[in-house]
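Everything numeric here is computed off the predicted structure, so don't read it as measured data.
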Amino acid sequence: MKIWNRYLKRKRALYRTQFRTPAELFNSACDMLITCFAVCGGERMKPGYTRRNARLIFLVTDLILYLFVNVYSMAIVWGSLLDVVFCFVTLGVAIQGLAKIEAFTCPELNDLHLYNVARFELTPRVPEVEEALFHTATMCKLFIRILAVAFSIVWIAIQSYAILMPLVERKLSLAFGFYLPLIDYRTPVGFAINWVYQLIQVSEGCIGLMACDTCLLFLIVNATGQMDVIIIYLRRLTELIDSNESGENDDKIADLLGDIVLKHLEHTNYVRDMDKLLKKQFFINFSCLIFELVASLAIVVRNDKLVKEIYNVNWYGLSTNHQKTLKQVLLASQHPIVLTDGFSAIDLYNFVEVFILI
């Protein structure tokens, strides 16, 4: 945390030399965000935006096609539990993508953005407010830069894997388990078409997710920035009250108190509108996560069934060598390689814990 605070302080000082006002810095961060959204046709914060643009129509069509492709791939690999579970999981990714498109291209997002822009353009009542606004704008600028680098690394890593995989395996092999129907990816032409199709999915996914996640951080940072300003006003109110021995600050106190009430109401409305904007998306995201966990548990349950069936084999009818061979299978199945979330195994106990928390 100390390292982050020092880095933030240094960047804030740098941006103060590059931008005259907090509004200029915030608008610069928003311009970067709008550019990211524009790649996928979701630049709702830009004046005159309409959902009826070719880029967004292409993205929605592509996601719907992606859903059908996954259903087709699921039918092809039916019988292979791991491949079927993978298709189920990728179905959730597409559904979450459609939910994000609906949330981050609706008019309510532009209303929140315009409120934030207007807040930065107001003349600060006290010098501390300008410092708080610079802090908020700096956070927005840093977050979009950091996420741009992070998602670029992810994109490069995935594309490197997609390029190296056929070279390592020395055959036409796609990086992901989905492919276009009626196009044989085992032929050079079919492989090239499917490879380009997967490239488009990865590129749109990285850029779109980066834009949505950054926009969400912008909304949250501005909400906390609004509270910072209220806190500054409350401290200023305390100073006025402490120095109001003869009543000379009565008018200032009344004026500042009215401003505090107004800003708190604005903040409450802002958070309420933000909740309405993101409620459906969060619901779908969590629903998909729960569905993916349940699908992953199918592998665990099937492995338990495998162990039981090995026990039920007529061991006495096998030769000694065959018993030793089957014993190795039994030992391996009792300690299977299981899916993890990066920290712990995805099992029934951990699933219940996650479900309760959600």
Side-chain angles (χ1 to χ4, degrees), residues 26-70 90-118 120 137 139-155 158 196-223 270 273-289:
F26 180 68
N27 288 333
S28 173
C30 289
D31 289 341
M32 294 178 64
L33 178 58
I34 291 173
T35 301
C36 294
F37 268 124
V39 175
C40 299
E43 63 277 22
R44 168 55 75 179
M45 296 178 290
K46 190 175 181 180
Y49 172 80
T50 175
R51 283 174 169 170
R52 297 176 181 176
N53 64 81
R55 289 161 289 122
L56 185 64
I57 293 173
F58 173 79
L59 177 60
V60 173
T61 304
D62 186 43
L63 279 175
I64 295 174
L65 174 63
Y66 179 76
L67 288 172
F68 284 108
V69 166
N70 272 271
T90 52
L91 275 174
V93 174
I95 295 172
Q96 291 180 59
L98 291 171
K100 288 181 182 295
I101 290 174
E102 194 281 331
F104 289 97
T105 60
C106 66
E108 288 78 9
L109 175 63
N110 189 52
D111 295 338
L112 294 173
H113 170 68
L114 292 177
Y115 172 78
N116 288 329
V117 171
F120 276 90
M139 292 282 283
C140 292
K141 187 78 170 181
L142 288 179
F143 276 137
I144 192 169
R145 287 183 177 275
I146 292 172
L147 287 179
V149 173
F151 276 94
S152 296
I153 293 174
V154 170
W155 185 88
I158 294 176
V196 171
Y197 174 69
Q198 292 189 0
L199 170 64
I200 294 174
Q201 307 307 307
V202 172
S203 301
E204 287 184 337
C206 287
I207 296 174
L209 287 175
M210 176 206 156
C212 293
D213 291 347
T214 305
C215 185
L216 175 60
L217 286 174
F218 274 30
L219 296 176
I220 294 173
V221 168
N222 276 279
Y270 178 89
D273 292 341
M274 189 168 65
D275 175 63
K276 291 179 181 178
L277 173 69
L278 302 172
K279 185 182 298 183
K280 293 180 182 178
Q281 182 216 171
F282 284 153
F283 175 78
I284 293 176
N285 288 349
F286 282 123
S287 298
C288 289
L289 287 174

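Residues Asp62 and Tyr197 are in side-chain contact: their nearest non-hydrogen atoms beyond the backbone lie under 4.5 Å apart. Under the 4.5 Å side-chain criterion, counting only non-hydrogen atoms from C-beta, Phe120 is not in contact with Asn27. Residues Met32 and Arg145 meet the side-chain proximity criterion, which asks for heavy atoms closer than 4.5 Å. In this structure, Leu278 and Phe104 have side chains that are in contact, with non-hydrogen atoms separated by less than 4.5 Å. At least one side-chain heavy atom of Cys215 sits less than 4.5 Å from a side-chain heavy atom of Leu109. Looking only at side-chain heavy atoms (C-beta outward), Tyr49 and Leu56 come within less than 4.5 Å of each other.
Distance check, rounded to the nearest 0.5 Å: CZ of Phe37 to CZ of Arg55 gives 12.5 Å. Between the CE atom of Met139 and the CZ atom of Phe26 there is a distance of 13.0 Å, given to the nearest 0.5 Å. Between Lys141 atom NZ and Ile146 atom CD1 the span is 12.5 Å, to the nearest 0.5 Å. From Thr105, atom OG1 reaches atom CZ of Arg51 across 3.5 Å, with rounding to the nearest 0.5 Å. One distance of note links CG of Leu219 with OH of Tyr115; it measures 12.5 Å at 0.5 Å rounding.
Considering only residues two or more places apart in sequence or on other chains, Lys46 meets the side chain to side chain contact (heavy atoms under 4.5 Å, CB included) condition with Ile34, Glu43. With sequence neighbours left out, the side chain to side chain contact (heavy atoms under 4.5 Å, CB included) criterion links Leu114 to Asn110.
The side-chain contact (heavy atoms from CB on, under 4.5 Å) with Thr61 is formed by just one residue from the set Leu65, Leu59, Ile57; it is Ile57. Tested against Phe218 for a side-chain contact (heavy atoms from CB on, under 4.5 Å), the candidates Leu112, Asp213, Leu33 yield a single pass: Leu33.
Side-chain polar atoms of Asn116 and Tyr270 form a donor-acceptor pair below 3.5 angstrom.
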ask   = Would Cys40 and Ile101 satisfy side chain to side chain contact (heavy atoms under 4.5 Å, CB included), going step by step from the backbone distance to the final call?
value = CA-CA 9 Å; Cys40 299; Ile101 290 174; over 6 Å; no

task = Please step through side chain to side chain contact (heavy atoms under 4.5 Å, CB included) for the pair Ile95 and Leu67, ending with a clear verdict.
result = CA-CA 8 Å; Ile95 295 172; Leu67 288 172; 4.2 Å; yes

Which pairs of donor and acceptor atoms, one on a side chain in residues 202-212, lie under 3.5 Å apart (sequence neighbours left out)?
| unit_1 | atom_1 | unit_2 | atom_2 | d |
| --- | --- | --- | --- | --- |
| Ser203 | OG | Trp155 | NE1 | 2.9 |
| Ser203 | OG | Leu199 | O | 2.9 |

